[in-house]
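I have placed the structure first, in the form of C-alpha cells, so that the comments after it can refer back to it.
Heavy-atom basis, side chains included; hydrogens, waters and symmetry copies ignored. The sequence lines fix the lettering, A, B, ..., with proteins before strands; numbering per chain opens at 1.
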There are 2 protein chains.
Amino acid sequence: MANDKIKNMEEFAALSGISRPTVSKYFNDPESVRPKTRARIEEALQEHDYRPNMYAVNQNRKLTKNIGIVVPSLVDPYFAEIARNLERRCIDAGYRPTLFSAHGETHHEVDVLMTLRSIKPSGVLLAPLGRATDRAVLEKFCDDVPTLIFDSSVEQFGLAFVGSDNNQFTTHITDYLCRTGEPPCFYEMKTPANPNAHRRRQAYIEAMESFGLTPHVISIDGEGWEFEEISRLGGHKALEEGAFPTNTVLCSNDRLAIGLLTACYERGVKVGRQPDAVIRVAGQDGHPYSRFTCPPLTTISHDYDAVSKTAANALFDAIEGQVEPWKSTRIEGKLILRDSA
Amino acid sequence: MANDKIKNMEEFAALSGISRPTVSKYFNDPESVRPKTRARIEEALQEHDYRPNMYAVNQNRKLTKNIGIVVPSLVDPYFAEIARNLERRCIDAGYRPTLFSAHGETHHEVDVLMTLRSIKPSGVLLAPLGRATDRAVLEKFCDDVPTLIFDSSVEQFGLAFVGSDNNQFTTHITDYLCRTGEPPCFYEMKTPANPNAHRRRQAYIEAMESFGLTPHVISIDGEGWEFEEISRLGGHKALEEGAFPTNTVLCSNDRLAIGLLTACYERGVKVGRQPDAVIRVAGQDGHPYSRFTCPPLTTISHDYDAVSKTAANALFDAIEGQVEPWKSTRIEGKLILRDSA
DNA sequence: ATAAAACTTTTACGCGCGTAAATTTTCGGT
DNA sequence: ACCGAAAATTTACGCGCGTAAAAGTTTTAT
C-alpha cells in the first residue's frame, strides 16, 4: 500500500482511471457500477487507501447512514447489553450507529436529542428514561426523525414500539412462585426511575387477584439510578420491620434483587429454596450478573436477541420506505430457575 | 419560538440583522463578538431556534470539536463507568465526545480506529484491548490523530499514558492480606484478555518475595471476556483439586473474584474474615458491583475520578497546543476493606 | 452485425459554512 | 467633537462531494 496521501475523490478518481462521478456512485453503492469498473476501483482502493470525507458526503446526502442508539444509562449492564446488541445489528446492516446515554437525567436526554438532530440520522433507536422523559421534546423529535422506541413505551410516539411483555414477565414468575411456595410479595421503589415498574406492579396485583390471593406491595424510598444501594438500604429496613408478609419476595427488577440479596446476607438471612432458607427472592430482567449472585438469582429474562432484532428490523424497514401504522410488539421473557427462589 | 424552518446561516443572519460571517464567528466563539452583537444574535436564537449544520461546519474546520472515547468493552461496568466519566468531562470542556467499544475483539478495535479517522476527531481517549491490540495499526493511528492512551499502556504510543498504578495496587493489597492473615496466593487467567494482568502478577510475585514469602500463582483456563463465568468454572476446579495453598486468594481483578465467590457459594465454602470462614477472597479494581457480592468484596479501587480527570486534561492540553514529551502517569488505588478478606 | 439498453464520462452547479482581505462602522478616550 | 482602535460588514473564494443533464462508450439482445 503506497503511502501517498490522497486528499479527495478527484485525486483518487484520477489514480484509478475512473471519473469522479462514477467513483462517487461506487461509494454510495458498489453494486451500481459495472463489475469491471468496480474491480478497477477496488484495486486502486487497496493500493492507495482512500476514504470519502464523511462531512462532505453527509452534507449533500438527503439521508445519512447514521443511526442513533439512545439508552437511559450505559452503566446499567442491562442497557449496555442491549445497546451492544443493537449496535452490532446496525453495523451488519450497513449503518453507522452512534451510542448515547442519557445518564439517567432528563436534561441529558434532551441534550442527546439535540445532538442527534445535528447529525441528521436516518433513524433512531430510543429507550426513553420513562417517567423522567420530557414528553413534549420527545414528541417533537419523533415528528422530525424516524424514531423507534424500545424497552419502555411513551404513549404512541415514534414509528413503533418494541419491548418486553412486562405483563407476561410478572404474571409468569408470580405464577411460578405461587406454585412452588408461598405467594410472593412485590418489592419495588416508591418512585421508580424505570416506567416498566408501574406495569410490573400492576401485573403482579392482577396476577395475584386472578389466583384469588391478596397482593402485597412493599415500596421502598430512594431516588435515582443507584438501584442496588437503594434496595440494600430498603431491604435492611424492611427486614428489620418485618415488612415482608410472606417468605417470598418478587423484586421489580434484578438490580433491586441484587441489593436485597446483599441486605439479606448482611443480616444473616438465608436466601433460597432449600428447607433451611428463610426467604425466597426473585428478580426480573435477566441481568448479566444475576447468574453470579449468592445464591444465583431466579429471574425472568428479556429475550435480548428477539427484542433487539425486532426493534432494529422495524427501524430498517421504516428507513427503507416501508410505511406501517404504529404498533406495539411485546416479547415474552423466559423464566430462569436458579437457587434464590 | 416561531416555527419557521431556517435552513442555513444566511437566513438566520438576515433574521438577526447581523452579517453571516459575524454570526459564524459567534458560533465558533461567542466571546469573540461585541456584547451588543452577541445579545442580538442570542435574542434571535431564542425566537428562531437555529443550529449550524454540523457537516458543513466540520468540513471546513481544520479542527473539529469531536473527541473519540474508545474502551475494550462497554458491557464491562468498569469501562462503562470510566467512559461515562470521560464523556462528561469532554462535554463540560466544550467537546463532542463519541463512545466506541471494541467489543473485546481485535478486528472491532481496528474498525473503530478506521471510523474514528473518518470523523476527524481533534483527539482520542483510548483504552486499548491490550494483548489483542493490533500494534501496527494503533501506532499508525497515533501518528495521525492526537491520542491519549489510558487504562493499559501500549509501549509509548500516543501523547501520553494515564492509568492506575498496578504495582501499587497489588503490592498494597498483598501487604494488607499478609498483615491480616495468611499470605495470599494469586488467582488469574492463564491467557488474560487484560494486559494489566501481567503487571499485577509480577507485582504480586515481587511483593511476596520482598516480604520473604513464597508466591503462588493459580492460573485458570479460559478465553475471552466472560471473566465471571471463566472464574466460576476455574474456581470449582481449583477448590476441588485443593489448588489453593493458602486460605487467602487475591484475584487479578474483581470480575474474577465475583466468579470465584459464586463458585465458593455453590460449594458451600464460607468466605470472609470471620473465624468460621474457611477462605478469604480479595479483588482488584473497585468494580461497581463489588459492594454487592456476598460477602462484599475487599478490593483495591481505581481512583476513577483522578484517572479520568488526568487523562482528559492531558488530552485537552495537547489539543490546545501544549506540546509535552510522552509521559506515563500512574495513579494509586485506595484499599476498600469489606467482609471478604 | 445492428440496434437497444446500460453504463461512463464530461460538464456544471449547489450544499452550508469557514475564512481571508478590504472596507466601513462603531466605540472609547480625550 | 475628533481620532485611532476595535469590531462588523462586504465580497469572494474554497472545501469535498452529491447530483443532474447531455454526450459518449460499452455491453447485451436480436
### Query
Hey, where does DNA chain C pair up into stems, meaning at least three consecutive Watson-Crick or G-U pairs with distances under 3.5 Å?
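Only these stems qualify: C:1-30 with D:1-30.
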### Query
B/Tyr50 and side chain to side chain contact (heavy atoms under 4.5 Å, CB included): which partner among B/Leu15, B/Ile6, B/Asn8?
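Output: one option passes, namely B/Ile6.
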Is the shortest side-chain N/O distance from [X] to OP1 or OP2 of [N] below 4.0 Å?
X: A/Lys36; N: C/dT8; result: no
X: B/Ser24; N: C/dC17; result: no
X: B/Tyr50; N: C/dC17; result: yes
X: A/Ser19; N: C/dT9; result: yes

Measure from the side-chain heavy atoms of [X] and tell me the nearest of [options].
X: A/Met9; options: D/dG18, C/dG16, C/dG18; value: D/dG18
X: A/Pro21; options: D/dC17, C/dA20, D/dT19; value: D/dT19
X: A/Asn60; options: C/dG16, D/dG18, C/dT8; value: D/dG18
X: B/Thr22; options: C/dC17, D/dT9, C/dT9; value: D/dT9
X: A/Asn53; options: C/dT8, C/dC17, D/dC17; value: D/dC17

### Query
For the residue pair A/Ile319 and A/Ser122, what are the closest heavy atoms and their distance?
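What the structure gives for the nearest pair is CG1-O, 3.5 Å.
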[atom1] of [X] versus [atom2] of [N]: gap in Å, rounded?
X: A/Asp29; N: C/dA6; atom1: CG; atom2: P; value: 16 Å
X: B/Ile6; N: C/dC15; atom1: CD1; atom2: P; value: 17 Å
X: A/Arg34; N: C/dA5; atom1: CZ; atom2: P; value: 17 Å
X: A/Glu31; N: C/dA6; atom1: CD; atom2: C1'; value: 16 Å
X: B/Arg40; N: C/dT26; atom1: CZ; atom2: C1'; value: 12 Å
X: B/Asn8; N: C/dC17; atom1: CG; atom2: C1'; value: 9 Å
X: B/Arg51; N: C/dC17; atom1: CZ; atom2: P; value: 12 Å
X: A/Phe27; N: D/dG16; atom1: CZ; atom2: C1'; value: 13 Å

### Message
On DNA chain D, does the nearest nucleotide to A/Pro52 precede the nearest nucleotide to B/Thr37 from the 5' side, or the other way round? Give the residue.
### Response
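Looking at the nearest nucleotide for each, B/Thr37 comes out on the 5' side.
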### Message
For a quick check, tell me whether the side chain of B/Arg20 and the base of C/dG18 share a donor-acceptor pair closer than 3.5 Å.
### Response
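Answer yes: a donor N or O sits under 3.5 Å from an acceptor.
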#### Entry: 4.5 Å side-chain heavy-atom contact, B/Asp305 and B/Arg89
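When only atoms from C-beta onward are counted, B/Arg89 and B/Asp305 do touch, with a gap below 4.5 Å.
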#### Entry: Student check: side-chain heavy atoms of B/Ser152 and B/Pro128 closer than 4.5 Å
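Side chain of B/Ser152 against side chain of B/Pro128, heavy atoms only: contact under 4.5 Å found.
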### Query
Between B/Phe316 and B/Tyr95, is the ring centre distance below 6.0 Å?
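Yes, they do, as the ring centres are separated by less than 6.0 Å.
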### Query
Angle class for the B/His302/B/Tyr78 ring planes (parallel below 30°, perpendicular above 60°, tilted otherwise)?
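If you compare the ring of B/His302 with that of B/Tyr78, the planes turn out parallel.
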### Task
Would you sort out whether B/Arg84 and B/Glu87 count as a salt bridge (Lys or Arg N to Asp or Glu O under 4.0 Å), showing the intermediate values?
CA-CA 5 Å; B/Arg84 187 192 62 75; B/Glu87 188 181 9; over 6 Å; no
### Message
Does A/Leu45 form a side chain to side chain contact (heavy atoms under 4.5 Å, CB included) with A/Phe27? I'd like the steps, not just the answer.
### Response
CA-CA 11 Å; A/Leu45 215 45; A/Phe27 279 110; 4.0 Å; yes
### Task
Report which part of the nucleic acid A/Asn58 touches: base, sugar-phosphate, or nothing (heavy-atom distance under 4.0 Å, all strands).
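It contacts nothing in the nucleic acid.
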